[in-house]
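In what follows, chains carry the letters A, B, and so on, assigned in the order in which the sequence lines appear, proteins first and then strands, with residues in each chain numbered from 1. Predicted model, so just to flag it, every value in this text is computed and none were measured.
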Amino acid sequence: MGLYGLYGLYGLYGSLWVSMVSMVSMVSMGLYGSLWSLWSLWVSMCLYGLYVFLWVSMVSMVSLYGLCVSLWSLPTGSLFVGDVNPKWWRPPLPRTPPDTLCFLQLDIDHYVGSPVPGMPGATHGPVPILRLFGVTAEGNSVCLHLHGFTPYFYVLAPQGVGVQHLEPLRQELDSALLRELRGNREGLSRAVLGLELCYKQSLLGYHGGQLSPFVRVLLALPRLVPPARRLLEQGLPWGDMGVHRAAPYESNVDFEIRFMVDSGLVGCSWVEVPSGQFHLRGPPPGVPPVSRCQLEADAAWGGLRCHPPEGQWMGLPPLRILSVDIECEGRKGIFPEPEQDAVIQVGCAVQRQGDPEPFLRLVLVLSSCAPIPGAAVICFQRERDLLQSWAEFVRILDPDIITGYNIQNFDLPYLLQRARVLKVDSFPFLGRIRLRRSELRDSTFQSRQLGRRENKVLSAEGRVVLDMLQVLLREHKLRSYTLNAVSFHFLQEQKEDVPHGIITDLQRGSAQSRRRLALYCLKDTILPLRLAQRLRVLLSHVELARVTGVALSTILCRGQQVRVVAQLLRQAMREDLLMPVVKVEGGEDYEGATVIEPLKGYYDVPIVTLDFCSLYPSIMMAHNLCYSTLLPPGGVQLGPTDYIRTPSGDLFVTSGVRRGLLPRVLEGLLEARSRVKQELAQEQDVFRRQVLHGRQMALKVSANSVYGFTGAQAGKLPCLEVSQSVTAFGRQMIERTKQLIEERYCLRQGYPADAKVVYGDTDSVMCRLGVTSVAEAMTLGQEVATWVSQHFPAPIRLQFEKVYWPYLLISKKRYAGLCYSSSPEVSDGLDCKGLEAVRRDNCPLVANVVTACLQRLLLHRDPAGAVLHAQEVISDLLCDRLDLSQLVITKELTRSDSEYSAPQAHVRLAQRTPSMPWSTTCPLTAAITWSSSWPSPCCASLSPSWGRAGPRASCSVRTPQTP
DNA sequence: CCCCCTTCCTAG
DNA sequence: TGAGCTAGGAAGGGGG
């Protein structure tokens, strides 16, 4: 009796709590969502009652603690109750609640909610609450609500401002803001929490180092920042100081970034809340949980401890990675549309980070399906049950990361839309917040580099969507990005052979044919997991998040700028420097790097390549180039040794006066890079080497993008003085290097020959030093590099990179050569830059022919033979590389026998190829022409000639436009 | 035929 | 309100 009483009481109590907590969420949901949430509320109420009942009645059986929490996580429906595989649950919670709350944070966001008693910050009205999602070392999922962190920004105050001016200004701004809040439905009573007078400096420009008065504007909600900034910028009365238009600082910093920077928290790091400083959500009198995580707690912002990702805090907990793939019942020749075409199968594979294999394979099939060993098959008669069950599966499984191939733009949107069409009300709740509807958002991403890219974004709070297609598009330049091509390239493994056209037929066939489709579907979930594993995608992205200090999801779905901003802010904060908000204006372009005029030709002698390592970062470090060291024209007067004039005419103070922020940031990145390179040198495992290589590349790209950030005119903080100084130094350096080498390494100075810089681009020079062997070239190259380096300030360093022999220089940015980088005996193979062999805007035949010709020329060292056997090359290609049935010789043209020209063979080939992803299905045509003029204006040529300097040759082929 | 523009993709 | 940068070759199109 008593127990039943408790049950009902606690059920009521719980439901009240849930309803209160859900109020705010419901505001943002539509009517439909609200209806659903009411229903869910009812279910939650029952479950909560049951949960509390179990809790109270089994207090002594502590081992059931985990089970209770699991029950609380039960899905809202009951489709699965009989089918739940124990492996689906996360590991149970430890026997006793944790003493300290320690976990790896994977995702950070914030929401506006009601204050929780006992937590810092406002005690009534809406408050911003940060939310950290993560996983403990034991593999339990965590949701931590952090209270008391306040959004803020700064404005520059007029000289002579005093604390007495603050309260009138606060009231002015406060009432202006509240007036703008139409309706003020949340009942905000105070928009401006406070103004603080502080003394800081702008990080833009050196102004003698004096501090200026700034006002720090603390606001009740992050969304008040833009209007507050606008009001202050437009001008408000500052008491007796009159109306002042105040320049804003750091008002364009995202709330989460602000929080991470201020807390010293980097992405994917371990955090800890000490004993007694957090309150686990749970049974009364605790606050009821709102998430699906196993552990949920509240803590004050100040109670969070952040462990730098070093030593024991470098590892990762057993994260759960869910890979998903769906099959649709498409109509003949029509791409599946969720408004019409059913989802017939959903494949899932789940792997723990660090495990070699998935521990769970599951496929949900519409209609019957024959069993599959090693995989669970669940059959459904109705599509809506299938969809609902999948969503419930996701909620039970509680994955940290959702992966797959093109899930971001296809599978997930399709499922969501299909569920909407079929009115599967409980479907779109895929995140970790119980009452939060998963929504689809269109985002356009535009940059000069990548062009315009349209993406869909699924909201699933607390889970990270990691689409392998997006990762590969960003990080690898491939000819084709189909899952099949990519798997073959990286795994030497391919998809199950099921052509698109027969999917519907297989579905409509028998249990056996649906089994075949299920195998195909499962394979498509396994392949992305294997790809991610082989390319160490998770590890390298985690590393990037840690290095640049932003969250994993930021790394995955945003650009380079936000990473630089985060690093800049961290550095600036330590020195009381503030980031101004600059206006975007379409400025004119600035001058970039020098490309040395190539001495075109075929070189049958060793050519030494020397390059400046991390040229632009090292220039910025060597000359202390930064926002904070820029001396504006007509600025403070300084002694002649206190500043430098860059080759572009801009002035910067020396590091003795003030060390720049950017040089410091770069130091951090490059030191991390050299640590990784040391590791790389000791690593034996092929694939771990690839990771480390990828990681050091990522650090290099991060360092290089610091320069790009200063030149990004549509960016957060462009500073062309910095970027044009960097490139101007670079231009000066490469000219100087050429001059130094040619003046010292010559006959007149006692060297065996006159050295010649035959080519160079941005940070590299290719030199003919007059030596006749690779070994000599390496030795002399080292010496030259060391000697030249002495002429430049640290950390600028010219290093020996490799030797080319032979070397074919066709034009700027187009060359090839046989490469020796470590051993003079063993070549590293052909290196080919800019030629059609490495370009993706031609059909594969073109690249193949060019590669074959380059091999003849550079590997077999037989330029004449390359032409004489032109037909043979084609025959080789026909036989070895291409399917004869796919090639048609449409035209055979003249064979010139003029004594001044090499034999010409004009052959027109048509090749049917699977189209490139961005191309249509038209067959591509390649015209291959051999001619004697060089460099040839022909569309395609491989043509040697003999001049006074010896043999010369060029090779290029093009694809004509498809008619 | 030349010149100038755009588009694509690469080098660094 | 979110987007790193410039140089440069190959090729097509349009205008003179």
Side-chain angles (χ1 to χ4, degrees), chain A residues 223 225-226 229-230 251-254 443-453 455 457 474 477 479 548 554 557-565 581-584 587-598 600 609 611-617 700-720 722-724 726-728 730-731 734 759-766 801 810-816 831-842 846-847 916 918-919 927 935-941 954 956-962:
Chain A
R223 104 170 91 87
V225 169
R229 170 213 152 166
R230 184 172 39 76
S251 62
N252 51 358
V253 177
D254 295 342
S443 85
T444 56
F445 186 101
Q446 190 172 351
S447 76
R448 270 197 221 185
Q449 182 191 24
L450 300 170
R452 193 172 61 252
R453 221 172 246 186
N455 274 319
V457 182
R474 269 190 180 213
K477 293 194 165 179
R479 220 169 244 290
T548 58
T554 309
C557 56
R558 293 179 64 182
Q560 296 283 349
Q561 288 215 43
V562 64
R563 307 182 198 180
V564 182
V565 169
V581 179
V582 299
K583 289 187 192 75
V584 284
E588 55 274 20
D589 289 353
Y590 64 92
E591 195 180 340
T594 296
V595 183
I596 293 176
E597 196 55 45
K600 299 172 188 175
T609 300
D611 62 14
F612 288 102
C613 21
S614 302
L615 178 72
Y616 287 176
K700 182 182 177 173
V701 169
S702 292
N704 281 336
S705 65
V706 170
Y707 150 75
F709 176 73
T710 65
Q713 295 186 44
K716 280 239 161 86
L717 195 59
C719 183
L720 296 199
V722 170
S723 29
Q724 73 190 4
V726 170
T727 57
R731 291 193 300 274
I734 198 167
Y759 180 58
D761 185 346
T762 310
D763 60 354
S764 64
V765 283
M766 276 66 159
E801 177 81 7
I810 290 170
S811 65
K812 286 181 173 177
K813 300 188 189 283
R814 293 167 69 83
Y815 61 84
D831 215 0
C832 178
K833 302 289 185 186
L835 301 181
E836 280 67 15
V838 296
R839 291 179 69 94
R840 298 172 298 169
D841 50 356
N842 292 96
V846 171
M916 289 180 282
W918 53 84
S919 158
S936 167
C938 284
C939 59
S941 69
S954 87
S956 76
V957 184
R958 76 166 172 88
T959 308
Q961 291 259 305
T962 359

message: Between A:K716 and A:V562, is the side-chain contact (heavy atoms from CB on, under 4.5 Å) condition met? List the steps.
response: CA-CA 9 Å; A:K716 280 239 161 86; A:V562 64; 5.9 Å; no
- request: Using atom CG of A:N704 as one end and atom C1' of C:dT6 as the other, report the distance to the nearest whole Å.
  value: 13 Å
message: Within the 4.0 Å heavy-atom criterion, would you say A:A593 contacts the bases, only the backbone, or no part of the nucleic acid?
response: sugar-phosphate
- prompt: Is there a side-chain contact between A:Y707 and A:P617, using heavy atoms and a 4.5 Å cut-off?
  reply: no
- prompt: Which part of the nucleic acid, if any, lies within reach of A:D763 when heavy atoms closer than 4.0 Å are counted: base, sugar-phosphate only, or nothing?
  reply: sugar-phosphate
message: What's the closest nucleotide to the side chain of A:Y590 if the choices are B:dA11, C:dC5, C:dA3?
response: C:dC5
query: Tell me, which stems hold DNA chain B, with a stem being 3 or more Watson-Crick or G-U pairs in a row and both distances under 3.5 Å?
result: B:1-12 with C:5-16
query: Is there a side-chain polar atom (N or O) of A:K812 under 4.0 Å from OP1 or OP2 of C:dG8?
result: yes
query: Taking NZ, NE, NH1 and NH2 as the nitrogens, is one of them in A:D254 or A:R558 under 4.0 Å from a carboxylate oxygen of the other?
result: yes
message: By the 4.0 Å heavy-atom rule, please label A:V838 as base, sugar-phosphate, or nothing.
response: sugar-phosphate
- prompt: Could you state the CG-P distance from A:L615 to C:dG4, rounded to the nearest angstrom?
  reply: 21 Å
message: OP1 or OP2 of C:dA3 versus the side-chain N and O atoms of A:R558: is any pair under 4.0 Å?
response: yes
- prompt: For A:K812, does the NZ atom have more than 12 heavy-atom neighbours from other residues, nucleotides or ligands under 6.0 Å away?
  reply: yes
- request: Indicate yes or no: at least one non-hydrogen side-chain atom of A:Y759 is less than 4.5 angstrom from one of A:V595.
  value: yes
- prompt: Which nucleotide in the list B:dT10, C:dG9, C:dT6 gets nearest to the side chain of A:S811?
  reply: C:dG9
Distance below 4.0 Å between A:Y815 side-chain N/O and C:dG8 OP1 or OP2: no
- request: Apply side chain to side chain contact (heavy atoms under 4.5 Å, CB included) to A:K477 and list each qualifying residue two or more places apart in sequence or on a separate chain.
  value: A:R840
Closest-nucleotide 5' rank along DNA chain C - winner of A:Y616 and A:D254: A:D254
message: Please classify the nucleic acid contact of A:G708 as base, sugar-phosphate, or nothing, using heavy-atom distances under 4.0 Å.
response: base
- prompt: Starting at CZ of A:R839 and ending at P of B:dT7, how long is that distance when rounded to a whole Å?
  reply: 16 Å
- prompt: Quick one: is C:dA10 close enough that its OP1 or OP2 comes under 4.0 Å of any side-chain N or O from A:R814?
  reply: yes
message: By nearest heavy atom, map A:G715 and A:V595 onto DNA chain C; which one lands nearer the 5' end?
response: A:G715
